[in-house]
*Asks:* 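My questions all concern the structure below.
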Number of protein chains: 2
Amino acid sequence: MEGAPKPLRVAIADDALLLREGIAKVLADGGIEVVASVSTGAELLEVANRGGLDAAVLDIRMPPSFRDEGIVALEQMRAGGSKIGVLLLSMYATPEYALRVMGAGSGTGYLLKERVSEPQTLVRAVETVASGGSVVDPEVVEQLVKRTRADDPLSRLTERERSVLELMAQGYSNGGIAQSLFLGLKTVETHVRSILQKLDLEESPEHHRRVLAVLTLLGAR
Amino acid sequence: MEGAPKPLRVAIADDALLLREGIAKVLADGGIEVVASVSTGAELLEVANRGGLDAAVLDIRMPPSFRDEGIVALEQMRAGGSKIGVLLLSMYATPEYALRVMGAGSGTGYLLKERVSEPQTLVRAVETVASGGSVVDPEVVEQLVKRTRADDPLSRLTERERSVLELMAQGYSNGGIAQSLFLGLKTVETHVRSILQKLDLEESPEHHRRVLAVLTLLGAR
DNA sequence: GCCCAGTTCAGGGGGTACCCTGATGCGTCG
DNA sequence: CGACGCATCAGGGTACCCCCTGAACTGGGC
């Protein structure tokens, strides 16, 4: 395909040694030069500040926070004016994170580790972000599309209904909700009925199902 | 350290290309010969049946089940009389899986991927299982110890009560549980009351609390 | 044999969730 | 102003959950 006169220069950041090595191997085989391999976002920032990089591949979960360290590093790089390609790797399709990554502008990508079954998947993603393009895992896109639709029933709830739902999800009984919101029991029942009508639509064999449904609904957000 | 007259011959099984490559690299650097690298448990069994292996390193989550495929492969190998070392890799400290792995006898190991921050961690683990030893991630051990203590209230439940609890956690109503287990409603109620007494002890203002408690209890497992 | 734990049920009572109809006041929009 | 949505409650009803007492049968251990 290419004679590759100028191989891309890429840095890797991942706290898991096994993945660092794996990424390095796949990129190297794909004609990409791995110039650095570190285990934290802070170290990556140092490397990036020295310049000479075309792109960076980094895990989202890294020390010390083990939450969104990778995205934080991305945002700091962008804040510092760096425009190199940044490919975020994650274990799961987390729409919130994907949106944050996309919000950082072009030249960024969000890819699921498990999605990388072919070397070219990763190599091409790196090449894409390095040239200013965007990469989003198809599964994440699907989740996002589903999300905007699934958000519909929730946005159909009124202000009051949402506050009631919130307390429901926290395990409050109708009576407890009534006390918390200074309402009559019957009023809460009315709201609950309205909420269930708007969210459930069908089937409601057991009571527990309701709680479960609400919990999974809120838990998935 | 070693002149390594006879390098260990190892096979790798992991559906994630990046990890396969990473494991291979680390093992190779550690003086271990990687003779096969496959992506499913079934493929690993084929390789193992051909013989000549000292050990196998495999992910627990693999196609097609994406659940305990790695452990299934281990159990099938043991059932077939194979005694080679088997090192299971997992993302999380799941005591259930760890116990299943340990139950397969010596020469097995359960290691967290993220725990591998040093190459020697993985290399030594492979050498240990290849020589018939056992490896268990320290974090998993900690979980197990905590479990046996936390298991107290759960282990105090009788067989029947546990089966009822399981259905409770799945959202079944008392009536549904009665139908599922071919019991009378009153019998189920008796079991439920017994379960709640043993687990709750105190406080039970609202019904939802119960479900939540059970869910978090089982969800934390 | 007796006792105990486990499993299986019954009767009765209190409480909560859920559903339906209906009513009142309060803003908004055409 | 009238229609509409929203929030606020009431009354009446069904179903289910939970608790208590009590009882019958079983199997194992002393």
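In what follows, every chain begins at residue 1, and chains take the letters A, B, ... in the order their sequences are listed.
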*Asks:* Please classify the nucleic acid contact of A:Glu189 as base, sugar-phosphate, or nothing, using heavy-atom distances under 4.0 Å.
*Replies:* base
*Asks:* Distance check needed: D:dT26 C1' versus B:Glu159 CD, whole Å only.
*Replies:* 17 Å
*Asks:* Tell me whether the side-chain N/O atoms of A:Thr187 come closer than 4.0 Å to OP1 or OP2 in D:dT8.
*Replies:* no
*Asks:* In whole angstrom, what separates A:Gln197's CD from D:dC6's C1'?
*Replies:* 15 Å
*Asks:* Within a 6.0 Å radius of atom CD on A:Gln120, are there more than 12 heavy atoms belonging to other residues, nucleotides or ligands?
*Replies:* yes
*Asks:* Consider the side chain of B:Arg193, meaning its heavy atoms from C-beta on, and name the nucleotide among D:dT8, D:dC20, C:dT8 that approaches it most closely.
*Replies:* D:dC20
*Asks:* Can you check whether any acceptor in the base of D:dG12 is under 3.5 Å from a donor in the side chain of A:Lys186, or vice versa?
*Replies:* yes
*Asks:* So which of A:Val192, A:Thr187, A:Leu185 actually passes side chain to side chain contact (heavy atoms under 4.5 Å, CB included) with A:Glu189?
*Replies:* A:Leu185
*Asks:* Rounding to an integer number of Å, can you tell me how far A:Leu183 CG sits from D:dC9 C1'?
*Replies:* 10 Å
*Asks:* Quick check: on DNA chain C, is the nucleotide nearest B:Glu161 upstream (toward 5') of the one nearest A:Val192, or the reverse? Name the residue that is more 5'.
*Replies:* B:Glu161
*Asks:* If we ignore hydrogens and angles and just use 3.5 Å, is the side chain of B:Arg9 paired with the main-chain N or O of B:Gly52 as donor and acceptor?
*Replies:* yes
*Asks:* Just do the side-chain hydrogen bond (donor to acceptor under 3.5 Å, both in side chains) check on A:Thr121 and A:Glu118 with the steps written out, would you?
*Replies:* CA-CA 5 Å; A:Thr121 306; A:Glu118 298 289 331; over 6 Å; no
*Asks:* Does B:His191 place a side-chain N or O at less than 4.0 Å from the phosphate oxygens OP1/OP2 of C:dT8?
*Replies:* yes
*Asks:* Is B:Leu185 touching bases, backbone alone, or none of the nucleic acid, heavy atoms closer than 4.0 Å?
*Replies:* nothing
*Asks:* Just N and O in the side chain of B:Thr158: are any of them under 4.0 Å from OP1 or OP2 of C:dA5?
*Replies:* no
*Asks:* At less than 4.0 Å, is any side-chain N or O atom of B:Asn174 found next to OP1 or OP2 of D:dC16? Yes or no.
*Replies:* no
*Asks:* Identify which nucleotide among C:dT7, C:dC20, D:dT21 has an atom closest to any side-chain atom of B:Arg160, counting heavy atoms from C-beta outward.
*Replies:* C:dT7
